[in-house]
Amino acid sequence: MKKPKFRRNGFSLKRTAVYFCLLAAMVLLNFTLPQNEPLAFSLFFAALSIGLNPYLTGAGYLLSSAPALELYAFLSAAVQTVFCVALFIIYKYCKKRVGLERVVYAVLAQLPFVFLFPHTGYALFPFAAILQKVVLAAFFVLVAFLFENGLNALLFRVFRCRLPLANIVEICLMCVLTGLGVLNAFPQPVFVAISLFALLFAVLFVKNASAINAAIVLAAPLALADGSLAPIALYCLYAAAALLFVPYGKIPASLAMTALYLCVQALGGLYLKSAVEIAFTLLACLVPALVVILIPEKCYAKLNRTLLFYKEHALPRIAVNRNRRQIGQQLYEVSSLFREIETAFEDRETPDDGGDKIKDKLVNVLCFSCPQRRKCEHDDIFSSLDKLVAVGKAKGRVNLIDLPRDVSSHCINTAGMLFSLNKLLAQYRRLVADIESAKEGRKLLARQAHGVSEILRDIALEQSEEYVFSDGERNLSRAFAAAGFVASEIFIYGDGANLTVNVTLSSDTDSKKLVRAASVALGVPLSLAEKIPLTALSSCYVLKRKANFDAAFGVASCPKCGETASGDTHSVMKIDERRFLVALSDGMGSGEEARTVSDRALSLLESFYKAKMPSDTVLDTVNKLIAFSSDERFSCLDLAAVNLDTGNADIVKIGSPAGYLLSGDELRVLEGESLPMGMLEAVHPATLQVTMKENDFLLFLSDGVSTAFGSSSDLLDYLSALRPLNPQSLAEEVLNSALDRYRGKAEDDMTVVAVKLMKSA
């Protein structure tokens, strides 16, 4: 049961008001039954059970027995107080919660009432007074447990969430029994004044037909006292009259109820009574109306907003779904647009007519003024030039040995022909290079358009999913109520690994207990993903399905001796809630320039993976971009994308030394044979898939570390003997061992990155 958040030390207005009202209710409950039997015990025991201060609660119960002016009644209450207060103090100091055994304690606490309380019995029941007290004791115990939930809801949950029907009934029972105490303790006009005030306040507060329910509860004590349903009918009429005039303001509503009450009293013979009775009757309706009118309108509005805030909102969810559908449709359209862009930039065959024009240019420029031109045309010598041009296109240039026999025997300017042809071939090579560059650019743009289209399509599919009310929300609401959490709003969406729970709770809620209760209720492991403040007192707790695994990382690095910066860079990045990426990039060479290339490769990779670009598109694009701009500096790369649900790891290696997977006593080598990234425009990375298990270690090394061990067999022997406990110590141990082999002076940049996979807590 959720304990109250009252300040323990010093004065607190709220704390004082609560215990004063508790004392007043106990006093009135002792007047509910004809012989002033201690019905206050039910409220006393309920207050102890929900965690109120045992000393103050016990003192209130003792004081409530004083108006009876009976020694044995007071003695009975004193014994009950000492027993119950001592019991709950023991539990408090032992830091334990009273469970179902409190039923036994409540029964034992009734023994002083049965044997000490002065009770003469009721003639209506034909059995001994002691047996009647046993029946009353059982009634007190039953009412105590009904009061327990009702009091807890009244103190800690009302106006903070929608109360279940059971709690509303329990609160109504408390009101009815307390109302009977008011009727028995004071003249009837006092009860009428209190009940009319409460009824009018309820009408102005809810401003709907729910006020009729309040009228029934408030009239119930009068109906029980009179043995007639007439008071209930009259109070419903009073509520209806006030509701008719509520749209016009609180003054018309108050006057309507007052006028109707006076009419009913006049028809009942009010003016035949004494002046004192008439005065009290008039005050009983005029004072409540005046008090209600004097309460500022903003108080009603604030309470009404508070009540409405904690109701389930269907319309906002409908509006959200409508907006999601529109966004999803728009994203589909944009995705289709990028598909069209991809089609427009797809690789097309480029006509190669440059070779045919080489011969024409050669003949028109070199042979135009040659005196042998007509003879060459007659002997069809120019057709042999096609062979010479073909050889030049294949080799890139031509020389004397490439000249066909008929050309060399007839041409009087072979040197000029070779010079002109080589010049035209150089122009042709530049044209071909430009065409290929344009083709690669189109391919790159097409790949990017394809990747963007895929991302937008996935987002469109996600956005098109509607949010609906689910049984999980209702189950979670009941589970939170049982655990003592006051959840004003619960919103569940997604399923499987994408399950997300949003809960609005008090800002001081115990997050661990909240997560535990939600996990048990939904049957899936959850974790707190985010806490979003809403107001000064409330926050939105975002819970997401917990991954099966968690990961820890370790990095150890050392620059080349004499260099201020290492050419190696590493990255550990959370892709989403269930995947992470770890990478080690080794720029060729050392120092700032190598580090710049290495940083560029990692930054590009991180950006693409954050955007959830397809892996093949990422690697192809990054490789081309680095190749276009690396200025003959290249980057080796180790990359792993790990799924925390399954342990599956996609390993990508480009020109890097072997990586290693340490799994218990087993050591697995992860190798690739590709060139460094950026060295060629079409590098094919080595990709591997491994499944990591609990307590497995993934190890990436830069070439400065692997080279220090001399041979792969020495490195394997060293790693096989290791029994690491955490990734940071593993990375540091491997780096220090490599430095020892360099005799303390690093001959190259050295970096070790280690990852350990662990079972989620």
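- Taking the side chain as every heavy atom from C-beta outward, Val143 and Leu177 approach each other to under 4.5 Å.
- A distance of 5.5 Å separates CZ in Arg15 from CG in Asn53, rounded to the nearest 0.5 Å.
- With sequence neighbours excluded, the residues satisfying side-chain contact (heavy atoms from CB on, under 4.5 Å) with Leu23 are Val27, Leu63.
- For the pair Glu101 and Tyr91, the minimum side-chain heavy-atom distance is below 4.5 Å.
- Residue Pro189 comes nearest to Ala284 through the heavy atom pair O-CB, 3.6 Å, listed as atom of the first residue, atom of the second, then distance.
- Between the CZ atom in Phe31 and the CG atom in Leu180 there is a gap of 13.5 Å [rounded to 0.5 Å].
- Evaluation of the side-chain contact (heavy atoms from CB on, under 4.5 Å) rule for Leu108 yields Phe83, Val104, Leu111 as partners, not counting sequence neighbours.
- Remark: Phe145 pairs with Phe45, Arg102, Val103, Ala106, Val141, Glu148 by the side-chain contact (heavy atoms from CB on, under 4.5 Å) rule, at least two apart or across chains.
- Note that CG of Asn152 and CG of Asn167 are 7.5 Å apart. Values are rounded to the nearest 0.5 Å.
- Every residue two or more places apart in sequence or in another chain that forms a side-chain contact (heavy atoms from CB on, under 4.5 Å) with Ala137 is listed here: Gln110, Phe113, Val114.
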Tell me which donor-acceptor pairs under 3.5 Å the side chains of residues 515-522 have, and how far apart each pair is, sequence neighbours excluded?
from	atom 1	to	atom 2	distance (Å)
Ser519	OG	Val515	O	2.8
Ser519	OG	Leu526	N	3.1

* Show the numbers, then the answer: is there a side chain to side chain contact (heavy atoms under 4.5 Å, CB included) between Phe44 and Val85? => CA-CA 10 Å; Phe44 164 61; Val85 169; 4.2 Å; yes

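- Side-chain atoms of Ser511 and Tyr541 include no donor-acceptor pair closer than 3.5 Å.
- Once rounded to the nearest 0.5 Å, the distance linking CG of Leu48 with CG of Leu43 reads 10.0 Å.
- Expressed to the nearest 0.5 Å, how far OG of Ser42 lies from CG of Leu29 amounts to 7.5 Å.
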* Verdict with reasoning, Met26 to Thr57, per side chain to side chain contact (heavy atoms under 4.5 Å, CB included) -> CA-CA 10 Å; Met26 288 181 184; Thr57 306; 4.1 Å; yes

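- The two residues Lys531 and Ser507 have their closest heavy-atom pair at NZ-O, 2.8 Å.
- Formation of a donor-acceptor pair under 3.5 Å by the Lys133 side chain with backbone atoms of Phe117 is found in this model.
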Acceptor/donor pairs from residues 251-264 side chains to any protein atom, 3.5 angstrom cut, sequence neighbours excluded:
from	atom 1	to	atom 2	distance (Å)
Ser254	OG	Lys250	O	2.8
Thr258	OG1	Ser254	O	2.8

